[in-house]
Amino acid sequence: MVAELLRLKGRSLLNGFRRPANQVVGSAVLLVLALVGILRLASTASTVTFFDGEIVGRVIVVAGAEATLAALLLPAMFSRMQLLEPRAFVGYGIRSPVLAGILLLVTLLGPALLLIPLVLLPVLAWRDFPDAGSLPLIGAPLLLMQLLLLLRIGSAIGSALRDRPRARGWVRVLGAVVLLGGLLVLLALVLPRVVLLADGRSLAPLGSVAHVLLPLHAGLLADLLAGSPLASLWGAPALAVAGAGDPRAAIWIGVAVVALLTVVWWALVAGALRPTRRLHLNRVDRVPGWFRAMPPTPAGAVAARSFIYWVRDPRYLVVFGVLPLLLVFSALAFWVGGVPASIAAFVPLPLMVLVLAWSTIHNDIAYDSTAVWSHLSAQTRGVHDRLGRIWPVLFFGILLIAVGTPITVWVQGDLASLPAVLGINVALLLGGLGVGSGLSSRFPYPAPRPGDGPFTYPQASGGAAGGAAQGASFLLTVLVASPAIAATVIWVLGVAGPWPLVALVAGVVSGGLALVIGVRAGGRIFDRRGPELLAFTMQN
Amino acid sequence: MTGLTKTFGEHIAVDDLDLTVTAGSFFGFVGPNGAGKTTTLSMVTGLLRPDSGVVTIYGVDVWTNAAVAKRSLGVLPDRLRLFDRLTGSEFLHHAGALRGLDRQTIARRVADLVRAFGLEHSAKRLVSDYSAGMVKKIAIAAAMIHSPRLLVLDEPFESVDPVSAELVVDILKKFTAAGGTVLMSSHSMDLIERVCDSVAIIADGRMLASGPISEVLAGRSLEHRFVELAGGATAVEGMEWLQSFSD
């Protein structure tokens, strides 16, 4: 079977040349150019050995990261179909791990063969550095695997994007920005050296370009990349030569990345080989998306409806626009104020969680406007209504915390802060939801109506009560999180003790309590005041 | 309903209204603009709390035993919003799940309703993109999804085209023939006269007449009876200036 597939691949490669003459010439020229490029790179790599290890390592890391990104992004941006698409083998009964392996092998035979000299370049470049040892040689096969896998995954993404022109446009723009950015960083690294070498000759314009690129902090970036999953395999020898980090850990990170990519590729192949299950139903008979995902209960219906509104209604979507702004502004404020990162890092994520949890749930009913009658006429229990509305916020909140917490801890610089960060944010999320659920059914206030812009000011005035309720719910939410915040502050001040753990426990307990109490109380109020709530929404 | 009263500030919207709708009847509820029709129906359906009075549906009080009463009640309110950022089929699924139906039942009934109301091609479109008549139809469909015994429909045929209206009337007639009860308000006297078997006329929050349609009409057309009872003819007095043209 392997032989069959190889023959198929060879045939399709040869067929690549059975085209109009100008296209054949074009492909041949490209091939020659690529070969010349690789040779040129190889000769450069073998002459760089008289530089110091630092610049060699940095250039390899940045160029390697760029190559890695390109292997994923270029096919994702431009490939319209995969060569030997896994789905094409669905009828042959080949098991998915076998097919995944064979397809990878087959991919190698073709233009991808040029990857082999590419991954051997570091071996050439490091050959006069005894400290690098066998690390470049160990890295080369792993790098080959990694690049091959990325190529296949990238082209799978590309072919998946074929029918989604808008997403494809975004991928192209973002991919181009990332790749061009990488090239700029590479330029910023290389140019100063070139200018230095060519001192006395007329390379002054290049020098000014290099000067412009200085703010990129290319050297710093390269050092950061060297240990990251993106370039750890490229960077391992550099770490060894510089004696800075742990090169063996870098290799292991690389192994983990390759393993992860293998699993992803395998999953893609397995997914493509899965038989299509046709539903014995017409189009209209199928359960629409979010309603299939949620249980068919009143709470599930409210949750599904909320989710749909969260992704379709600009009044909810605006929150996603505000969150990054919060991040930018708080970072700017701390930067201007000169607050050290170890303290400033704690602030942006809780701010974002607070805004997400507090600012959305408490005017949910007002957002429904008079449509809330359907809950009333179905006699939806208040608790179900509250629980359903919480779902999307909980989902996005957990996502935000899951992404934000590692970043916060990384910027903060101390792994010990992890429980404290988690504690504060969980308390704010659960607390915000609890307080919002409790107060919103008692003190709703006017909000932009459905169909209005998110920044439209409601015509009916909420009066002082509405504003007071808003302020009170904000304060209450912060109050719920205050034990966790207090414990964290104590820890930051340097008092000994397991304060981060205390913060975590306090946050989970106070947040959980607030959520349970808020949902139950809010539910009861909703049950009792249903008609009054409807009357309220009719006024605006 | 007995002794139903609602005041908004000084204004008495519904004044001590009594009405009995017999099970299995197709009941029309008519009255001039601002007569208190929507207010009455809102109180009957548990959406607006009455100042006093009792509403019972099949022997169950709507305001003290809401959970039980509302199970046998399907509602189409007038001028209240729907969750219109859902697609038609999502909207019906939402209504079904709120009523606690299981997934298969919902899917089957949604399919039936969509076909019955001729919304097949719009089931995947957002309700906010529907025309006014289609919105009415999908809302009536949602009111039926839990197979209630009583349907309370406030202006179900406003801006519904004649073909669709006929379709809905057919569905409702079958519903009453099977023992269901319909209470609907409308401005269209012709329609009420044609499809309803009983009728009530209110004006200024007071019941003017109610009973089987033949009794209320007393041999004349509903339109004639309505104008006569509601006293619309007097409004023309004092408008003489309209007859002396300004040029």
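Just so you know, these numbers use all the heavy atoms, side chains as well, and skip hydrogens, waters and symmetry mates. Because the structure is a prediction, the values reported are computed rather than measured.
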Query raised in the report: Would you call the rings of B/F83 and A/H375 parallel, tilted or perpendicular, where under 30° means parallel and over 60° means perpendicular?
Result: tilted
Query raised in the report: Can you say whether A/T297 sits under 4.5 Å from chain B via the side chain, the backbone, both, or neither, judging by heavy atoms?
Result: backbone
Report task. Tell me, for B/S42 versus chain A, whether the close heavy atoms (under 4.5 Å) come from the side chain, the backbone, both or neither. Result -> neither
Report task. Classify the ring geometry between A/W391 and A/F307 as parallel (under 30°), tilted (30 to 60°) or perpendicular (over 60°). Result -> tilted
Query raised in the report: Of the backbone (N, CA, C, O) and the side chain (C-beta and beyond), which part of B/L101 lies under 4.5 Å from a heavy atom of chain A, both, or neither?
Result: backbone
Query raised in the report: Run the side chain to side chain contact (heavy atoms under 4.5 Å, CB included) check on B/V55 and B/D61 step by step: do they pass?
Result: CA-CA 6 Å; B/V55 182; B/D61 191 312; 5.5 Å; no
Query raised in the report: Is it the backbone or the side chain of A/H384 that comes under 4.5 Å from a heavy atom of chain B, or both, or neither?
Result: neither
**Report entry** Ring-face cation contact, B/Y58 with B/R149, 6.0 Å cut, 45° max
**Finding:** yes
